[in-house]
Amino acid sequence: MSKHIQAVRGMNDILPDVTPAWRYLEGTVRGLFDAYGYQEIRMPIVESTELFKRSIGEVTDIVEKEMYTFEDRNGDMLTLRPEGTAGCVRAGIQNGLLHNQTQRLWYSGPMFRHERPQKGRYRQFHQIGVETFGLAGPDIDAELILMSARLWKQLGLADAVELQLNSLGSSESRTAYRAILVEYLWHHADQLDEDSQRRLNSNPLRVLDSKNPQMQALIAAAPKLSDHLDAASREHFEQLCALLDAAGVRYTINPCLVRGLDYYSKTVFEWVTDKLGAQGTVCAGGRFDGLVEQLGGRGTPAMGFAMGVERLIALLDQGGIPQQDYRPHAYLVLLGEQAQREGLLLAERLRDAVPGLRIETHCGGGSFKSQFKKADRSGAPLALILGEEECQQGRVGIKPLRDDGEQQQMSHGEAAEWLASYMQQTND
RNA sequence: GUGGCUGUAGCUCAGCUGGUUAGAGUCCUGGAUUGUGAUUCCAGAUGUCGUGGGUUCGAGUCCCAUCAGCCACCCCA
């Protein structure tokens, strides 16, 4: 084993047995975004380290100890993106997409964080994300949540996830509350556990989210974020809730829901599941009205979310995905030298004549017996047979492998028609 | 970064308190059928027992280190 080079820890191969699930998810998501008028954007995987420091926050875990950062040959510090929002905002500013206009964008791709791998958590993982720009109201917040809710319905996951919602207030009121909270916690520093003492510096609001039972009394007595919301944020949040109520989307208001990235303000939300162990957040996002300006653009309201693809795939695996059939319709079996020469050409002609037809051509010779075995394994419902006899007569055999229909011989032209009508009958 | 559990054929696993040439199922290949698959029967192929050290007359089995996987903490999608 040591002679073999292994994949880098926490970076997984996505093998053919799961790629159908990935395609199903990606296809469904694309259709969903089209239905809401969102446009795709693709950003580089590598960005300046500075971008993430300025957006995610210098003292967050992500920036302090989880980024894959390296020096480029010319001395620039670069980082494999740990999330998508920063790059999306950068791309928007750089290309003038955010200047005095509205954008609804989506992206998907790999992200990198150097964490200890665990169920639902990998060093290379995939996110599908959505960002909107130039829209300040609770209506866009609601649209994003409705869109995600529709996705769960389409994927058959509606019963597996639940929505948690909170408001952090404007960046000003959040900052003010943060100071009040820090002061409170500072006064009780002796009662803080080790994690919370660390969070006091990095992300004090996260102390409220502690799972430690011994911290609960202290947390319960702490000043409440909701009591320190500015009036505009409170109204924004109430309107969002009303929109969700009207749409019949159920949610739980979780006053401890805080999110780890510095740029969030006002609305934050998470879709969580109890079916994936410790990494239960499947989709999360929020408003980041200050980020565009922070990255050098003109002040622009923004709201987005990201989904963890591996986690969604894991959920889909539990519920079973619809039979998306990428298997061939027909497996072409070839016996004899002439057939081996003509087989590839016959397959090409059939693909020309019958759009959408999936044919797997046998390569590499072997007995009829072994070829039929492979035909069976391929999952194809039909075997096409080209042997010496068929070659001489200019014909081809078609044998159903999944029902007890008779094997038939026909001309190549007839075979094309037969296959076309077969595909129509089976609605494929 | 911290802790617990696990590493034996491509895959799923057995291998008792250390004792000769390391096993099963599956998969793969060939045959029983000179041109017909999933069943059955027969035969065959495949392992540096994760890696490196140590203890021992002898290590898959015990000890240490290391790497990887899983789970939890932490973090977060």
Side-chain angles (χ1 to χ4, degrees), chain A residues 1-12 15 17 56 60-66 82-85 108-130 148 161 193-196 198-199 202-203 206 209-212 257-261 269-273 276-286 304-315 331 333-336 339 362 364 366-391 397-402 404 406-407:
Chain A
M1 281 309 244
S2 64
K3 283 180 194 158
H4 299 298
I5 295 174
Q6 286 182 290
V8 174
R9 180 170 207 200
M11 307 206 179
N12 301 119
L15 299 175
D17 61 329
I56 298 169
T60 56
D61 275 24
I62 291 180
V63 169
E64 273 186 344
K65 45 195 188 199
E66 295 178 1
E83 56 102 45
T85 301
S108 91
M111 309 293 165
F112 302 84
R113 291 182 201 171
H114 191 105
E115 299 179 275
R116 184 97 166 234
Q118 193 183 325
K119 181 178 194 167
R121 186 172 82 180
Y122 309 101
R123 290 186 175 178
Q124 174 174 334
F125 61 101
H126 295 76
Q127 285 188 340
I128 299 173
V130 170
S148 55
V161 294
D193 63 13
E194 208 179 316
D195 284 330
S196 298
R198 192 170 40 77
R199 286 173 184 144
S202 57
N203 190 348
R206 283 240 35 193
D209 214 0
S210 172
K211 289 173 194 162
N212 188 342
L257 178 61
V258 159
R259 321 262 46 255
L261 285 55
F269 71 96
E270 274 186 25
W271 289 95
V272 296
T273 179
L276 293 181
Q279 311 298 328
T281 303
V282 125
C283 170
F305 67 76
M307 301 179 271
V309 179
E310 283 82 356
R311 292 179 188 179
L312 286 172
I313 295 288
L315 272 185
Y331 190 99
V333 150
L334 306 168
L335 200 70
H362 183 84
S367 66
F368 252 130
K369 183 189 173 66
S370 64
Q371 294 196 34
F372 269 95
K373 217 177 237 178
K374 289 201 169 116
D376 188 54
R377 291 279 149 79
S378 77
L382 301 169
L384 298 183
I385 300 142
L386 193 64
E388 283 161 8
E389 277 174 38
E390 286 85 354
C391 279
I398 298 185
K399 174 177 177 173
L401 297 172
R402 307 280 163 230
D404 37 41
E406 287 286 301
Q407 179 171 332

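Throughout, protein chains are lettered first and strands after them, A, B, ... in sequence-line order, and every chain is numbered starting at 1.
With P as the reference atom, B/G50 and B/G37 are 40 Å apart, rounded to whole Å. Nucleotides B/U6 and B/G15 are separated by 13 Å at their P atoms, to the nearest Å. When the C1' atom is compared between B/A14 and B/G52, the two are found 27 Å apart, to the nearest whole Å. Between B/U61 and B/C16, the two P atoms lie 11 Å apart (nearest whole Å). Taking the C1' atoms as reference points, B/G7 lies 11 Å from B/U51, given to the whole Å. Comparing the C1' positions of B/C27 and B/G10 gives a spacing of 7 Å, expressed to the nearest Å. B/U8 and B/G23 have their C1' atoms separated by 10 Å, given to the nearest Å. Between B/A59 and B/U21, the distance separating the two P atoms is 11 Å to the nearest Å.
Atom CG in A/L315 sits 4.5 Å away from atom OG1 in A/T273 (nearest 0.5 Å). Interatomic distance, CD1 of A/I398 versus CD of A/Q407, reported as 9.5 Å (0.5 Å rounding). With values rounded to the nearest 0.5 angstrom, A/D193 atom CG is found 9.5 Å from A/R198 atom CZ. From A/H362, atom NE2 reaches atom CZ of A/F372 across 11.5 Å, with rounding to the nearest 0.5 Å. Atom OG of A/S108 is separated from atom CE of A/M307 by 9.0 Å, given to the nearest 0.5 angstrom.
A/K369 comes within 4.0 angstrom of a nucleotide base, judged by non-hydrogen atoms across all strands. Residue contacts shown for A/S370 are limited to sugar-phosphate atoms, with no base heavy atom under 4.0 Å away. Across all strands shown, A/E389 has heavy atoms under 4.0 Å from base atoms, whether or not it also approaches the sugar-phosphate. Among the protein residues, A/E270 comes within range of no part of the nucleic acid, since none of its heavy atoms lies under 4.0 Å from any strand. Within the nucleic acid shown, A/G366 has no heavy atom closer than 4.0 Å to any nucleic acid atom. A/R9 comes within 4.0 angstrom of sugar-phosphate atoms only, judged by non-hydrogen atoms across all strands, and of no base. Residue A/I128 is classed as having no contact, given no heavy-atom separation below 4.0 Å to the nucleic acid. Using a 4.0 Å heavy-atom distance criterion, A/A375 is classed as making no nucleic acid contact.
Between B/C75 and A/R199, a contact under 4.0 Å exists linking OP1 or OP2 to a side-chain N or O. Residue A/K374 places at least one side-chain N or O closer than 4.0 Å to OP1 or OP2 of B/U29. In terms of phosphate contacts, A/R198 brings no side-chain nitrogen or oxygen within less than 4.0 Å of OP1 or OP2 of B/G1. Under 4.0 angstrom from either OP1 or OP2 of B/G3 there lies no side-chain N or O belonging to A/R116. One finds no side-chain N or O of A/K119 lying less than 4.0 angstrom from the OP1 or OP2 phosphate oxygen of B/G69. Proximity of A/Q6 to the phosphate of B/A68: no side-chain N or O atom is located under 4.0 Å from OP1 or OP2.
Looking at which nucleotide of RNA chain B each of A/F368 and A/G120 is closest to, the 5′-most match is held by A/F368. Each of A/E66 and A/K399 was assigned the nucleotide of RNA chain B with the nearest heavy atom; the assignment lying further toward the 5' end belongs to A/K399.
In this structure, B/G1 forms a base pair with B/C73, meeting either the Watson-Crick or the G-U wobble geometry with both donor-acceptor distances under 3.5 Å. Of all nucleotides present, none satisfies the Watson-Crick or G-U wobble test against B/A38 with each distance under 3.5 Å. Taking a pair to require two hydrogen-bonding distances under 3.5 Å in either a Watson-Crick or a G-U wobble arrangement, B/U12 pairs with B/A24.
Following rounding to the nearest Å, A/I62 (CD1) and B/C74 (P) show an atom-to-atom distance of 16 Å. Rounded to a whole Å, the CG atom of A/D376 is 11 Å from the C1' atom of B/U36. Atom CZ in A/R206 sits roughly 7 Å away from atom C1' in B/C75 (whole-Å rounding). The CE-P distance, from A/M11 to B/A68, rounds to 12 Å in whole Å. Rounded to whole angstrom, the span from the CD atom of A/E194 across to the C1' atom of B/G3 amounts to 13 Å. Protein atom CG of A/L315 is 12 Å distant from nucleotide atom C1' of B/A77, rounded to whole Å. When rounded to the nearest whole Å, the span between CD of A/Q118 and C1' of B/G69 equals 13 Å. One can place CD1 of A/I313 at 19 Å from P of B/A77, the figure rounded to the nearest angstrom.
The base of B/C74 is paired with the side chain of A/R121 by a donor and an acceptor separated by under 3.5 Å. For A/Q407 and B/U36, a side-chain-to-base donor-acceptor distance below 3.5 Å is present, hydrogens and geometry of angles not being considered.
Of the candidate nucleotides B/C75, B/A77, B/G37, B/G37 has the atom lying nearest to any side-chain atom of A/K373. Residue A/D195 has its side chain nearest to B/C74 when only B/G35, B/C74, B/A77 are considered.
A salt bridge does not link A/K373 with A/D376: none of the charged nitrogens is closer than 4.0 Å to a carboxylate oxygen. Between A/E270 and A/R259 there is a salt bridge, since a side-chain N of the basic residue sits under 4.0 Å from a carboxylate O of the acidic one.
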Side chain to side chain contact (heavy atoms under 4.5 Å, CB included) assessment of A/E66 paired with A/T60: CA-CA 9 Å; A/E66 295 178 1; A/T60 56; over 6 Å; no
